[in-house]
Structures are given as C-alpha cells and as structure tokens.
There are 2 protein chains.
Amino acid sequence: MSYDPLPPVLAVRAFESVSRHLSFTKAGDELGKTQAAVSYQIKVLEDRLGFPVFVRKARKIELTDKGMNLASKVIGAFSDLRSAFAEIREENDTQLVIGCNATFASRWLAARLFDFQIANPDLAIRIIPTDNKDQYSRGDRDITISGCYDPPSDNVLHSLIPADFTPMLHPSLAESIGGINEPADLLKLPIIDPADHWWPLWFAKAGLPDPDFANWPSSRMGSQGLEASRAIAGKGVAILTPFFYRTELESGQLIQPFDIVENDPGMAWHLSYPPENRSSRKVRLFRDWIFAELRKDGLDLPQVGDKAA
Amino acid sequence: MSYDPLPPVLAVRAFESVSRHLSFTKAGDELGKTQAAVSYQIKVLEDRLGFPVFVRKARKIELTDKGMNLASKVIGAFSDLRSAFAEIREENDTQLVIGCNATFASRWLAARLFDFQIANPDLAIRIIPTDNKDQYSRGDRDITISGCYDPPSDNVLHSLIPADFTPMLHPSLAESIGGINEPADLLKLPIIDPADHWWPLWFAKAGLPDPDFANWPSSRMGSQGLEASRAIAGKGVAILTPFFYRTELESGQLIQPFDIVENDPGMAWHLSYPPENRSSRKVRLFRDWIFAELRKDGLDLPQVGDKAA
DNA sequence: ATCATGCATAAGGGAGACTTATGCATGAGT
DNA sequence: ACTCATGCATAAGTCTCCCTTATGCATGAT
C-alpha cells in the first residue's frame, strides 16, 4: 500500500511548466511538445494523485487549492534543479583543467601559460600534475598533456613533440676531461640514470656498441627534469630531449656535444582529450593556442583540425 | 546556442537515485528498472552535460567533483519534491471536504456530523455550501450532496432521499380558518412561493384542478429552508419534504394536514463523487456512514456497493 | 451569430526507454 | 595464483507509452 511518493517525473515536469504558464498550450511550447501531450501528462498526474490539480474553465485554467499548494513547491524544486545545472554548466564552461606531466609543465608550459591566460581572461585555468600512467581525461580534467608510449585510442590525440634525445652535460664537466670530442668520451663521465633505455639507442646511432651499463635503478619517465637538474649541477651526463632545454643550451648551462639526435618512435608528447570535448570552446582555445605556440618554436605541426593525430 | 538548462528529466531522476546509492544496480532496483537502463540514462546525462558525473572504478562508482556538486543539489530538489507530494497526499487523505446544499446541511447533516467526526477522529471535515448548479466534485471537494434534477452522469451517484412533498403550516395558521379539512382549504391561506411547481403537482394528486397561481417570482431550489422558516412563523403554507421536518412535526411547530404526499420523479437528493474517489478511504467512510444513518431514519436504501445508484 | 481560443479525447505512429544477453575488469576468496 | 562474484558497459531488439494528428466541444470575443 505504500507506493513511490513521487509521481512519474514527466508528469511532474509537465505540471511544473503548466502551473507557471497556467496554459497547456504554452507549456507545450516550452517543453517542445503539443498541447495534447501536456494534457495527457496532466491527466496522468491527476490520476495518480487522485484529485485534480487544475480547474478547467472556459479559455483558461486555474490551480485548485491542492494544485496551488503543490505548484509553489514543485516550481521551487525545479528552479533549484535549473540553477544547479546552469551553475555547473557555467563552471564547466569557464574552468579549464589541464592535466600535464611534470616535464612538459615545468620545461615548457609554465613559462607560456600566462600568455594564454591573458588572451583568455574569462577562463580559469587549473593545472593538475599527472603521472604518465593515467593520461586519460577521466572527468577530473578537460585535456591532458603527457609523454607516453601507449596513447589511449579512445581519446582524440594530437602529437606535439617527438621523443628526440641526445646527451647533455654542464660545460665544466666536459672540461674536466679536456672536452668531449667523440661519443666514447661520455663513458668517462658519470651517466645519469644509465638504466634509461635511451642510452643504448643513442650509442647505437652514434656507432658505438651497447655500453651495457650495470642494472641501475631507473627513474626515467616523468623525471627528465630531475636528470637535467643533476646535469646542470655538473653531476654527470644526462640524455635529454633538446627541445625542452633550449634556454639552458643558449645560456651555456648545458651543452650538447653532438648533433646526433635519436628518436624514440614509440613515444611522443601529445595532447589528448575525450572526443566529446572536441566541441568544447575552452578545449579548442587551448588546443589551438598550444599548436600556435609550438609552431612559433619551430615545430612542424599539422594544421589543426579535428582529425589531427 | 542557448538550450534548455535542464537535461532530460528521466536522466536527472536516474542520476538522483544513483548518486544516493552510488550504484547503478541499486538505483535500478529503486526505480524498478534494470541496471542497463540506469547506465543508459546516466550516459544520456553525461553526453548532454559534456562531462562525466561518475568515475567508474572496479566494483564501485564515485562521483566526480562536478557530479558531487550536482548531486547535493539534485538530491535536495528531489527531496523537496517528495515532501511536497507526500504532504499533499497526507492532506488529501485526512481532509474530507463535503459540498452540501443548504437544505440537507441544515435540516439533516448538521445535527449528525458530530457523530461521524467522533467515529473518525483522524479526518478533518470541512463543509462547503454549494448551490444546486455546481453539484460536480470539481477538485474543490471530495463528495457532494445535492438536490437537483440533472444528476451528473460522469460522477458516481447514490440516491439518498426522494423528492417527496406535501403542504405544511403552523397549527395557529390552520386554526385561524377553523382548521384544514380538505385540500381546497389551503387556498384560503397565503401560499409561500406559489411559483413552486410542486404546488400544481400536489393539487393534482389531491384531486383539485390546477390552482393557477399568479406568476410570482420563485426562489425554490435551495431555499426550502427559508420557506419552512416562514411557515413555522405562521406566515403561510409551504410545500415541503416531510423527511426534513420530522422534528418540527413532532414538536408541533409544523403540521402536515394531509397524508397525500407527491413525489417529484425527476429530482432527488443524492450523494455524488467522481469515479476515482471510489477507492478513497475517506469517501467510502463517509458514504457508508451516511447510508447507515439514513437507514436508521427508516429510508430503504440499496445495500452500499460501488454500483449503487 | 459567428469566429477564435483552449482543452479533451481517440487513434495511431514512432522514438527512445528498457530488457536481455553478453563481455570485461577487478577484487574477494580459497 | 586461480577461480568466482560483483558491477558496469554495450549491442541488439522489443515494446511501451509518449507524443502527434485530427477532431470535438465549450465558451468568450467580435
């Protein structure tokens, strides 16, 4: 005998609209339905309640006492619902959450994000650091920048920066062994994270046999920045992506002894977002901006279109 | 570009339930749907919103930040809705509104309603006077008692009291002409509302020709009580329904000079209510009570069943 | 008196809500 | 470690019931 206290929601929705307009026809317009549909829903509601909520008069309807009682509360509740969804939409439209891995964030994004902020003062930007495991935009962020091997295929992907790498070190360290003249000279110096599998790849390209480093613990991914810090401090030779160390190279904090640059074809830095965000203004703005910025940096990126991979 | 701020209500409803249970399956149970149906509705919502509201984890789901934000408000709004409908149901269940015409109310109901009230202390009873034009229960009342000619066929009808009538007057008035011995004697006295069409009917039954009263203005229906007052005051002869004047006849305030009682076949006092009220507890209680009371008064009423006419 | 407005209702169609069935991922249990 | 149980996602198909179309009716306006 105890049933759901809530009548069918579609009927409640119809009632809410009708009780505001005091017209089935106008409510139908508002709801994108016909007058007959509204009439039907109100009948459903009244049948369920067991009493009429409107008095049908000639050319107009009026709320019954009980209908009036209900209407004020139902209208209020729907008003709350509308505010809730309007608010969340507003928040969603104006808050851009960028998931970004540490290297890209510190080596590139941080210095330029301010420009984007200035160009788009209506957007509130939040960066959340992501390790390279969860590169998916999973509801906690709108867009993700990651450097990883297994790009998620269910997200829209834009490759940004290829995973190029080459050894780098502080000039004083090079001088300490009388300068670096050939690749093999590097082996005279401490190797920062010798477990990094980029090393054998680069030595191979440089024409040297696999140096076969001891199995040191590796902390490669996501910590290129840490390796760089040690190199800048003169603690050893790191294998880094030159794109991210242009300023250090220019200022002389790091030197790149060889033009030999190898590429890791399985990896890249890329930008990704769920397909439904394609039409999102804030995501488009950010995507287009980052592409433009990277082109200024001399990267050859495909014209931005939805299909860009 | 501006769309309805409110996502499809069915999706909102599903979201509300899921966010309370944090389970699609449980929400499905609550809504009387399958888990798949809920999953579908949540997808509809998320597609519409453009962002996920739940994070799907292994054997559970969690609200995203935005989902959390929404949930609190949506749950609140639905709680308001539920209260509103629960309250109105409560009010509807415990308040019995009786529309009653003046004659029946004053001549019969008033004296006995107290008993019903005592027998049903959980019901709050309200009597609203109705003229005999709007005998329909139109949302402002649960049940109607009226004396009229055109019983509304779309309502459930119970005949209560036949429209019997016979002349009545104060004994002093009768004595003023030396007593009433035959129907024609009445014509020597003032006739209260001679336009009342009951007069010719009664005189016909009494075997007299149509007295052919002048065309006095009539205020018959609904004012039998007023006519009676004038008769009791000795101002004339009224044609009344004896059932309603038993006490006056017993106490001698009125006398009924003849046993000749005519009946108006087109009219009766009856009780009516919309068909959907058949299953209403309060309406059944009142209907059964009034039938029982009238039987005590010696009326031969059909056994109460839904079909009783 | 005629027309316009607004709701009710019947009949019918169709959209989309729902079910069934299945897969997959993960955590629990042994 | 292997198996089982749980819970959500998804595809396909069904069917409900919501909605539209068409019409009627009552009433107020012109």
Side-chain angles (χ1 to χ4, degrees), chain A residues 4 7-48 52-64 67 133-134 136 138-139 150 152-155 274-276, chain B residues 4 7-48 52-64 67 133-134 136 138-139 150 152-155 274-276:
Chain A
D4 185 0
V9 277
L10 291 176
V12 177
R13 170 98 174 91
F15 170 70
E16 188 262 350
S17 184
V18 174
S19 60
R20 270 187 291 105
H21 293 105
L22 289 179
S23 158
F24 287 21
T25 309
K26 293 211 190 80
D29 291 345
E30 178 178 86
L31 300 171
K33 311 281 166 65
T34 61
Q35 162 267 128
V38 176
S39 175
Y40 167 81
Q41 288 296 353
I42 297 300
K43 178 180 254 298
V44 167
L45 182 69
E46 293 181 328
D47 286 353
R48 170 60 83 93
V53 289
F54 294 108
V55 186
R56 280 69 166 177
K57 301 220 166 161
R59 306 169 66 86
K60 71 178 180 204
I61 56 173
E62 284 172 10
L63 283 156
T64 61
K133 307 295 178 195
D134 58 3
Y136 299 77
R138 256 195 3 246
D150 49 348
S153 59
D154 55 348
N155 272 20
E276 62 268 26
Chain B
D4 185 1
V9 276
L10 290 176
V12 177
R13 170 99 174 89
F15 170 69
E16 189 263 350
S17 185
V18 173
S19 59
R20 270 187 292 106
H21 292 105
L22 287 179
S23 158
F24 287 21
T25 309
K26 293 211 189 78
D29 292 345
E30 178 178 86
L31 299 172
K33 312 281 167 65
T34 60
Q35 163 268 127
V38 176
S39 175
Y40 168 80
Q41 288 296 353
I42 297 300
K43 179 180 255 295
V44 167
L45 181 69
E46 293 182 327
D47 285 354
R48 170 61 83 93
V53 288
F54 294 108
V55 185
R56 280 70 166 174
K57 300 222 166 158
R59 299 158 63 89
K60 67 178 181 208
I61 56 172
E62 284 173 9
L63 285 156
T64 60
K133 307 294 177 194
D134 57 4
Y136 299 77
R138 255 195 5 243
D150 48 348
S153 60
D154 55 347
N155 271 20
E276 62 268 27

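Each chain gets a letter, A, B and so on, in the order the sequences are listed, and its residues count up from 1.
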Within less than 4.0 Å of OP1 or OP2 of C/dT19, is there a side-chain N or O belonging to B/T34? yes

Is any side-chain heavy atom of A/E30 closer than 4.5 Å to one of A/R20? yes

Closest non-hydrogen atom pair between A/I61 and A/S23, with its separation: CD1-N, 3.8 Å

Once you round it to whole Å, what is the distance between C1' of C/dT22 and CD of B/Q35? 11 Å

If you only use heavy atoms from C-beta on, which nucleotide in C/dA10, D/dT10, C/dA17 is closest to the side chain of B/V44? C/dA17

Output the rounded distance in Å from CG (A/D47) to C1' (D/dC17). 14 Å

Straight-line distance of A/S17 OG to A/K33 NZ, nearest 0.5 Å: 10.0 Å

How close or far is atom P of D/dC8 from atom CG of B/D29, stated in whole angstroms? 11 Å

Can you check whether A/S39 has a side-chain N or O nearer than 4.0 Å to OP1 or OP2 of C/dC7? no

What's the CD1-P distance between A/I42 and D/dC19, to the nearest Å? 12 Å

If the plane angle is over 60° it's perpendicular, under 30° parallel, otherwise tilted; pick one for A/F15 and A/F54. tilted

Please report the distance, rounded to the nearest Å, between CZ in B/F24 and C1' in D/dA9. 9 Å

May I ask you to say what A/G32 touches in the nucleic acid, namely base, sugar-phosphate or nothing, with a heavy-atom cut-off under 4.0 Å? sugar-phosphate

N or O in side chain of A/Y40 less than 4.0 angstrom from D/dC19 OP1/OP2: no

Side chain of B/K33, heavy atoms from C-beta onward: which of D/dC8, D/dT21, C/dT19 has the nearest atom to it? C/dT19

Before accepting this row, confirm whether a basic side-chain N of the pair A/E46/A/K43 lies closer than 4.0 Å to the acidic partner's carboxylate O. no

Report the distance from atom CZ of B/R48 to atom P of C/dA17, rounded to the nearest whole Å. 11 Å

For B/R56 and D/dT10, give me the distance from atom CZ to atom C1', rounded to whole Å. 12 Å

Rounded to the Å, how far apart are B/E46 CD and D/dC8 C1'? 12 Å

Please state whether the phosphate of D/dC8, meaning OP1 or OP2, lies under 4.0 angstrom from any side-chain nitrogen or oxygen of B/K43. no

Nearest nucleotide by nearest heavy atom, which residue falls closer to the 5' end of DNA chain D, A/Q41 or A/A58? A/Q41

Using a cut-off of 4.0 Å on non-hydrogen atoms, how would the nucleic acid contact of B/T25 be classed: base, sugar-phosphate, or nothing? sugar-phosphate

Return the 5'-most residue of the pair A/L10, A/R59 with respect to DNA chain D, ranking by each residue's nearest nucleotide. A/L10

